[in-house]
Amino acid sequence: MGNADSVDKKEEGVPENKPLNFIHQMIEEDIKNNKNGARVHTRFPPEPNGYLHIGHAKSICLNFGTAAKYNGMCNLRFDDTNPVKEDTEYVDSIMEDVHWLGFDWGDRLYYASDYFEQLFEYAVKLIKKGKAYVDDTNAEEISAHRGTVTQPGVESANRNRSVDENMDLFQRMRAGEFPDGSRVLRARIDMASPNMLLRDPILYRILHTDHHRTGDKWCIYPMYDFAHGQCDSIEGITHSICTLEFEVHRPLYEWFIRELEIFAPQQIEFARLNLTYTVMSKRKLLGLVKEGYVNGWDDPRMPTICGLRRRGFTPESIRNFAETIGVAKRDNVIDVSLLEFCLREDLNKRARRALAVLNPVKLIIDNYPEGQTEELDAVNNPENPDEGLRKVPFSKELYIEREDFMEEPPSKYFRLAPGREVRLKYAYIIKCESVVKDPETGNITEIHCTYDPETRSGMPMSNRKVKGTIHWVSAQHAVKAEIRLYDRLFSMENPEETEEGKDFISNLNPESLKKITGFTEPLLATAKAGDKFQFERIGYFCVDPDSTTDKLVFNRTVTLKESWNRPDKAAIPG
RNA sequence: UGUCCGAUGGUGUAACUGGCAACACGACUGACUCUGGAUCAGUAGAGUCCAGGUUCGAGCCCUGGUCGGACAACCA
């Protein structure tokens, strides 16, 4: 108990003197000036058109974390203003993922579509102020008239319509009198603005499409720019945190707030997360799923939250990662090894240890009594002695890892070799006496050893020093399991970096998934989906949802840190 | 050719707002270890994109460049 307490305190330690990121600096400045009554209210505003990924996790941790830090609140709001892309499937997955990450929006679950009526009224207000007009120009022409980044745009012929005519037309747009694409409502700002977004941006478009929440109630839908800031305003959001690409939108965001004379949240932009060896855009992730390069959004190789969850990540490790990478405005690419570090750091503390052999070779202890079985004590978690011991069966015939034996070991190899001794973890010291090979292939089929009965772990004589300790499972007791070995999805640090004429798909790592059959200690037969273990000396593994009592399936979450350069690796020429 | 934003070890983030560039990851030593894990101790690695200027003093301020990113969906 005492131990657990101290861990909790460490994790939730409130008064930290860590340096503030630039957003928190701004917020503390606002609090000091009693802006908005020193209130802090943020929101996480996903569009329900796809699954959340690790980049969203950064934003979630920032928004919810900031609110928590300053005793404020954070809303979950679905930015559902484009019915053709959105679906409740995504709404559900997003809510699940945010909760799984450990955040709670309480009763503050909102949808932009909740505000459609209010937004319509805002549009009316702009029309009445002469700040918005209905344009009959078609999409191509509007685009052409917008000009370029260096050339000013051309004003629409409809720009100076009367308020009455605009009101009439806008009402009739809502009433469904016009087909898709025939008219739009535009803000009347400045067609010559150096900021393209201010060149009379579109506020409403006609879309005779059912919306996942409002059904067929509406056939005109607000654009992002006309919805987002106003939704923030309605909810009393004080700090509207978003990614860098919206920086150019801020003048427009503020224009609407000013013209509408409503509560003014502050938009603050930060740099989105990029990770090596993966892609992060929804479009590309969707492509991977649709083209079958991965097995769905929750494929353990995907950077999606559900993929990471299935892979065996813990919410804590992701939150800690988000904390560690910091928040700034410059573009960044984080090395996945940092994510893996955060994962191992967390798993090391909480994962139960288990013995499992992935690439088995039989080992026979010649002088061990035939038919005898011992139940040996194994430590559940050396990082937390409170988790106690478990029994592991030991017998004459075992499986050990093929890599743990070498006929002709290089100098720094201190595992098993002819004539050498090693410790079998939690069991005896054994000595290799001989090997049996397949006469045809020359592969080793059996390793014969003798054991020293005085050296069982815990015995007085067990302190004898031997160089290596290897893991094992008892052949007759072992449980067969499918093990899915995952590696990076792409073989390039930056998958977008491609040869001419090829796209990121060409950089997929053909070895990103290998399925093998291994053996685990018997206790794991009862493990349930999501259970996490450290297979000693190998890595962290979790039970996949595909797993059944007939067929156990484990995912390799991440390997143990490998600080030992395998001689065979070094020996590879080139 | 426009507007906006950014630039600090290999990667990311700091630097008490002008005072000898720090922390984490990664790398490398060594100790310890019944996991070549963990833990512990330590080392190397940037003089802050460039050129000027202000100042006793500049990564922080000013000027001019360079490089990178964003912006011309009836997407968000």
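Quick note on labels: first sequence line is chain A, next is B, and so on, each numbered from 1.
Nucleotide C28(B) is matched to G42(B) when pairs are restricted to Watson-Crick or G-U wobble geometry with both distances under 3.5 angstrom. Shown here, G19(B) forms a base pair with C56(B); the pair counts as Watson-Crick or G-U wobble because both key distances fall under 3.5 Å. The partner of A76(B), taking Watson-Crick or G-U wobble pairs whose two distances both stay under 3.5 Å, does not exist in any strand shown. With a 3.5 Å ceiling on both atom-pair distances, the Watson-Crick or G-U wobble partner of C67(B) is G6(B).
When distances are taken from the side chain of P382(A) to each of C74(B), G37(B), G12(B), the shortest belongs to G37(B). Here A14(B) is the nucleotide among A14(B), A76(B), G37(B) with the atom lying nearest to any side-chain atom of P19(A). Each of A14(B), A24(B), U35(B) was ranked by its minimum atom distance to the side chain of T324(A); first place goes to A24(B). Counting only heavy atoms from C-beta on, N332(A) has its side chain closest to U13(B) among C75(B), A27(B), U13(B). In this structure, the nucleotide among U35(B), A38(B), C74(B) sitting nearest to the side chain of E383(A) is A38(B). In this structure, the nucleotide among A38(B), U1(B), U35(B) sitting nearest to the side chain of T150(A) is U1(B). Among A14(B), G12(B), A73(B), the nucleotide with an atom closest to any side-chain atom of N21(A) is A14(B). The side chain of S337(A) sits closest to C25(B) out of C25(B), A73(B), A14(B). Distances were taken from every side-chain heavy atom of V149(A) (C-beta onward) to each of U35(B), C74(B), C71(B); the shortest belongs to C71(B). Nearest to the side-chain atoms of M223(A) among the listed nucleotides C75(B), U3(B), U1(B) stands C75(B).
In summary, R415(A) and E401(A) do not engage in a salt bridge, as defined by a charged side-chain N under 4.0 Å from a carboxylate O. The pair E177(A)-R172(A) counts as a salt bridge, with a side-chain nitrogen and a carboxylate oxygen less than 4.0 angstrom apart.
At a threshold of 4.0 angstrom between heavy atoms, the contacts of E269(A) with the nucleic acid are absent. Nucleic acid contact for V379(A): none, since no nucleic acid atom lies under 4.0 Å from a heavy atom of the residue. Note on R183(A): nothing from the nucleic acid sits closer than 4.0 angstrom, heavy atoms only. Y426(A) comes within 4.0 angstrom of a nucleotide base, judged by non-hydrogen atoms across all strands. Across all strands shown, Y204(A) has no heavy atoms under 4.0 Å from either base or sugar-phosphate atoms. In this structure, H249(A) reaches the bases: a heavy-atom distance under 4.0 Å links it to at least one base atom across the strands shown. Heavy atoms of G50(A) sit nowhere under 4.0 angstrom from any nucleic acid atom. Residue-level contact check: L244(A) touches neither bases nor backbone, having no heavy atom under 4.0 Å from any strand. Nucleic acid contact class of T137(A) (heavy atoms, under 4.0 Å, all strands): base. Residue-level contact check: V327(A) touches the backbone only, with heavy atoms under 4.0 Å from sugar-phosphate atoms and none from bases.
Counting to the nearest Å, the P atom of C25(B) and the CG atom of L275(A) are 17 Å from each other. Rounded to whole Å, atom P of C75(B) lies 10 Å from atom CD of E47(A). Rounded to a whole Å, the CZ atom of F341(A) is 15 Å from the C1' atom of A27(B). Atom OH in Y224(A) sits about 17 Å away from atom P in A73(B), given to the nearest Å. Spacing between atom CG of N348(A) and atom C1' of U39(B) amounts to 10 Å, rounded to whole angstrom units. The interatomic distance linking L198(A) (CG) with U3(B) (P) rounds to 15 Å, in whole Å. Rounded to whole angstrom, the span from the CD atom of E493(A) across to the P atom of G26(B) amounts to 15 Å. Distance NZ (K425(A)) to P (G37(B)): 12 Å, rounded to an integer number of Å.
If you check distances only, the side chain of Q151(A) never reaches the base of U1(B) with a donor-acceptor pair under 3.5 Å. At a cut-off of 3.5 angstrom, the base of G6(B) holds no donor-acceptor pair with the side chain of E247(A). Not a single donor-acceptor pair, N or O on each side, falls under 3.5 Å between the base of G36(B) and the side chain of R537(A). One cannot find a donor-acceptor pair under 3.5 Å joining the base of A72(B) and the side-chain atoms of H145(A).
Proximity of T81(A) to the phosphate of C75(B): no side-chain N or O atom is located under 4.0 Å from OP1 or OP2. Taking 4.0 angstrom as the limit, R272(A) places none of its side-chain polar atoms (N or O) nearer than this to OP1 or OP2 of A70(B). Checking the phosphate oxygens (OP1, OP2) of U8(B), a side-chain nitrogen or oxygen of R330(A) falls inside 4.0 Å. Between A15(B) and Q25(A), a contact under 4.0 Å exists linking OP1 or OP2 to a side-chain N or O. At the phosphate of U33(B), neither OP1 nor OP2 sits under 4.0 Å from any side-chain N or O atom of R423(A). Contact between the side-chain N/O atoms of R199(A) and the OP1/OP2 oxygens of U3(B) is not found at any separation under 4.0 Å.
Nearest heavy-atom pair, L347(A) versus K532(A), reported as atom, atom and distance to 0.1 Å: CD1-CD, 4.0 Å.
In this structure, F256(A) and F226(A) have perpendicular ring planes: the angle between them is above 60°, well past the 30° mark. In this pair, Y221(A) and F116(A) present their aromatic rings perpendicular. The plane angle is above 60°, beyond the 30 to 60° band. Taking the six-membered ring where the residue is Trp, F535(A) and F541(A) present parallel rings, their angle staying beneath 30° rather than reaching 60°. By the 30° and 60° cut-offs, the orientation of the rings of F170(A) relative to F120(A) is parallel.
Taking atom C1' in both C56(B) and A44(B), the straight-line distance is 34 Å, to the nearest Å. Of the C1' atoms belonging to C67(B) and U8(B), the separation is 16 Å, rounded to the nearest Å. As rounded to the nearest Å, C60(B) and G52(B) have P atoms that lie 14 Å from one another. Taking atom C1' in both A7(B) and G26(B), the straight-line distance is 22 Å, to the nearest Å. Taking the C1' atom of each, C5(B) and A41(B) are spaced 44 Å apart, rounded to whole Å. Straight-line distance between the P atoms of C25(B) and U63(B): roughly 40 Å, to the nearest whole Å. The separation of C20(B) from C16(B), taken at their C1' atoms, amounts to 15 Å, rounded to a whole angstrom. Atom name C1', nucleotides G12(B) and A21(B): the rounded distance is 16 Å, in whole Å.
A glycosidic torsion no more than 90° from 0 defines the syn conformation; A21(B) lies beyond that range and is anti. Within 90° of 0 lies the glycosidic angle of G47(B), which makes this nucleotide syn.
In summary, of the residues considered (T276(A), L275(A), L273(A), N494(A)), a side-chain contact (heavy atoms from CB on, under 4.5 Å) with V333(A) occurs for T276(A) alone.
Y133(A) has its side chain within reach of S156(A): a pair of non-hydrogen atoms, C-beta onward, lies under 4.5 Å apart. Side-chain contact check for E269(A) versus K329(A): some heavy-atom pair is nearer than 4.5 Å.
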